[in-house]
Structure formats: structure tokens, C-alpha cells
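Taking it in order: structure first as C-alpha cells, then the write-up.
Computed over heavy atoms, backbone and side chain alike; hydrogens, waters and symmetry mates excluded. Just follow the structure's listing: the first ligand is 1, and inside any ligand the first atom is 1.
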Amino acid sequence: MQKIRYLLATDLDGTFVGDEAGLRELLDYYDSLPERVALAYVTGRHRASAMDLIRGEGLPLPDILVTDVGTSVFAGPELVEDLGWKQRMTENWDPQAVLRTAGGVPGIRLQELPDTRRVSFYSDGGEPAEKLKYALSAEGIPHTFVFSSGRDVDILPENGGKGAALRYVIGKFAEENACVLVAGDSGNDLDMLMLGYPSVIVSNARPELLEAENHETLFRATRPCAGGILEAWMHFHGSAADIKG
Ligand code: GLC
Ligand code: MG
């Protein structure tokens, strides 16, 4: 795969997807550019669910698909799983231990998923999620804890998450000094928005992101979803004429 020069790395639900007119505007703008902007979708969904959304919404196929909250990376025209990342995500990962520990925590319900790349739950508000977090630490189970939208709890392998996966993807597939924009709307996007790349929090973001700390290249859009991405792309990477072939 040729190294990427321009990259939009975006969450799907509530970010790339959610405002059809805004998405049309963003994609038309990208089409008008002399250079192609590569797409990385970085989603909490599992692969089949992400593909359903991509087909259902008629989204362009991405160059890179990061699924399951950053625990899986697929790349290239066939979206083949990246085995280097898979290897990292299976070292030190004991989903059975997570399940055992979670069994004793009231107020959480296991999400049905096709495999155990991650173990995810629905929490009745923040308190059960906090209890699970505490229990996992008390048991000394290596993991990454992610809480989103006041409900979704993702327990990931140690060093997992959208941020870690995106850093890996950029290191492997992008040119040094590539033009990157990272976009998100909820808690599972936080770590990738904090990597230090030009990043956008769309205006419809969940409260957990509205409270996120600022950094120099973090842009808070006034528009929701893809319209906010376009606004941020213009802010960081300028007009079409600024992209040199
Ligand atoms: C998506 C996934 C869900 C996950 C949530 C937060 O909604 O489908 O499994 O818990 O994102 O990451
Ligand atoms: Mg989202």
C-alpha cells in the first residue's frame, strides 16, 4: 500500500455518520481536491456491524478500518486484518478473567459480540461501570477501561484503544508529516483525539468530550457530524488550492 499523505481518521456513529447533508458536503469537497484524502474509520463496532453501516449508509469503503474500539485493524482494498496489531492485542489478554470478575458486579450487562477481542458491557449509569473498573484493578487484570455515552463499557487489552491503534496505523501506513485530521464525538474517541494530531470534536459530542482538556491542535466544531469535520479540515488544512500535488 502506498504511504498515505492526507488522512481523515474518523469515528463513524455520531461523527462521520449522522448528518447526511454534511457528509455529502465533506465528500464533495474531498472529491474536488487534486490529491486523494485517505479514510480510516475508527469505530467501536465489530467488523460485520461496521460493514453493515458502511453498506447501509452508502459510505465510501475506507483504506483502513479500525474496529472494536481499536482492538482490530484491517487495511488495503480487501481490508485484511493486520497481524502485527492482532499480535499486540492478544499478548497479556485474558477475556475469561474479565468475564469472571464482571460476574460479581451488579448493574452491568454483557454485550453480545462475535468474539473476545474485547469484552463490552452496558452499564446502568456511571456507578456500576466504576465498580467494574475498581474490581478489575483489584484483581490485577491487565486491561484498558473505556466508558462512553454514560452506558457503554469496553474492557480492552492492555495498550488497546482507538488512540493506540491509530498511532500504530499512522506509523505503519502514513508518510512522515502526513496531513492528518482525527474526528470523534464520544468517550471512546478521547484517547485518539488527544494524540496531538489536528483533531475535531463535533458539536453534537457527548458531555464526556465537551469536558475534554484542550490542546493546541484540538478544534471544537460549531457544526455537527461530518459538517464539523469539514469545518475542522478547512481550519487545519486550508482550501483545496493549498494542497499541492
Ligand atoms: C459501539 C459498539 C459497542 C461499544 C460502543 C462504545 O456502539 O457497538 O460495542 O461498546 O461503541 O465503544
Ligand atoms: Mg461515535
Side-chain angles (χ1 to χ4, degrees), residues 8-20 22-23 26 39-57 59 62 65-74 89 95 98-99 102 105 107-126 128-130 132-133 136 143-157 160-166 181-194 199-212 218 220-221 223-229 232:
L8 171 65
T10 180
D11 168 52
L12 290 175
D13 297 270
T15 307
F16 198 65
V17 175
D19 172 14
E20 260 184 59
L23 181 56
L26 175 68
L39 290 174
Y41 296 156
V42 190
T43 177
R45 291 176 179 240
H46 59 77
R47 181 182 170 130
S49 164
M51 292 311 293
D52 281 351
L53 182 71
I54 290 168
R55 285 197 203 98
E57 297 285 328
L59 307 180
L65 178 63
V66 179
T67 68
D68 295 279
V69 205
T71 58
S72 310
V73 170
F74 305 90
M89 290 296 98
V98 175
L99 288 166
V105 180
I108 55 169
R109 192 160 47 87
L110 185 65
Q111 290 188 22
E112 274 182 39
L113 293 169
D115 52 51
T116 52
R117 296 160 193 265
R118 59 169 164 133
V119 180
S120 297
F121 303 89
Y122 299 117
S123 173
D124 295 336
E130 274 305 311
L132 174 60
K133 185 178 182 176
L136 291 169
H143 71 283
T144 303
F145 180 94
V146 181
F147 187 46
S148 315
S149 314
R151 186 191 76 156
D152 301 326
V153 185
D154 302 306
I155 310 303
L156 315 175
K162 289 186 174 190
L166 182 58
L181 178 65
V182 184
D185 77 313
S186 83
N188 69 1
D189 301 314
L190 184 63
D191 58 358
M192 70 170 177
L193 293 166
M194 293 297 149
S199 298
V200 55
I201 296 179
V202 291
S203 69
N204 54 298
R206 298 275 176 171
E208 69 255 21
L209 279 200
L210 299 176
E211 288 159 12
L218 180 64
R220 291 172 194 272
R223 297 182 60 187
C225 307
I229 298 177

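- Ionic pairing of R45 and D52 is not present here: no N-O contact between side-chain nitrogen and carboxylate oxygen is shorter than 4.0 angstrom.
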Kindly list each side-chain donor-acceptor pair under 3.5 angstrom involving residues 146-157, sequence neighbours excluded, with atom names and distances?
residue : atom : partner : partner atom : Å
S148    : OG   : N188    : N            : 3.0
D154    : OD1  : R118    : NH1          : 3.4
D154    : OD1  : S120    : OG           : 2.7

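- Near-neighbour remark for the Mg ion (ligand 2): protein N, O or S atoms under 2.8 Å are D11 OD2, D13 O, D185 OD1; waters not counted.
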Could you list each N/O atom of ligand 1 together with any protein N/O atom closer than 3.5 Å, one pair per line with the distance?
residue  : atom   : partner : partner atom : Å
ligand 1 : 9 (O)  : Q111    : OE1          : 2.5
ligand 1 : 9 (O)  : R118    : NH1          : 2.8
ligand 1 : 9 (O)  : R118    : NH2          : 3.4
ligand 1 : 10 (O) : Q111    : NE2          : 3.0
ligand 1 : 10 (O) : D154    : OD1          : 2.7
ligand 1 : 12 (O) : D154    : OD2          : 2.5
ligand 1 : 12 (O) : N188    : ND2          : 2.7

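- Judged by distance alone, the side chain of T15 and the main-chain N or O of L12 form no donor-acceptor pair under 3.5 Å.
- Here the side chains of L8 and L26 are in contact, with some heavy-atom distance below 4.5 Å.
- With no hydrogens or angles considered, no side-chain donor-acceptor pair links R223 and S203 at under 3.5 Å.
- For the side chain to side chain contact (heavy atoms under 4.5 Å, CB included) with F16, the lone residue among I229, I54, D11 that qualifies is I229.
- Judged by distance alone, with hydrogens and angles left aside, the side-chain atoms of T67 form no donor-acceptor pair with the main-chain N or O of H46 at under 3.5 Å.
- Counting heavy atoms of neighbouring residues, nucleotides and ligands inside a 6.0 Å radius, atom CD of Q111 exceeds 12 of them.
- Evaluation of the salt bridge (charged side-chain N to carboxylate O under 4.0 Å, His left out) rule for D189 yields K162 as partners, not counting sequence neighbours.
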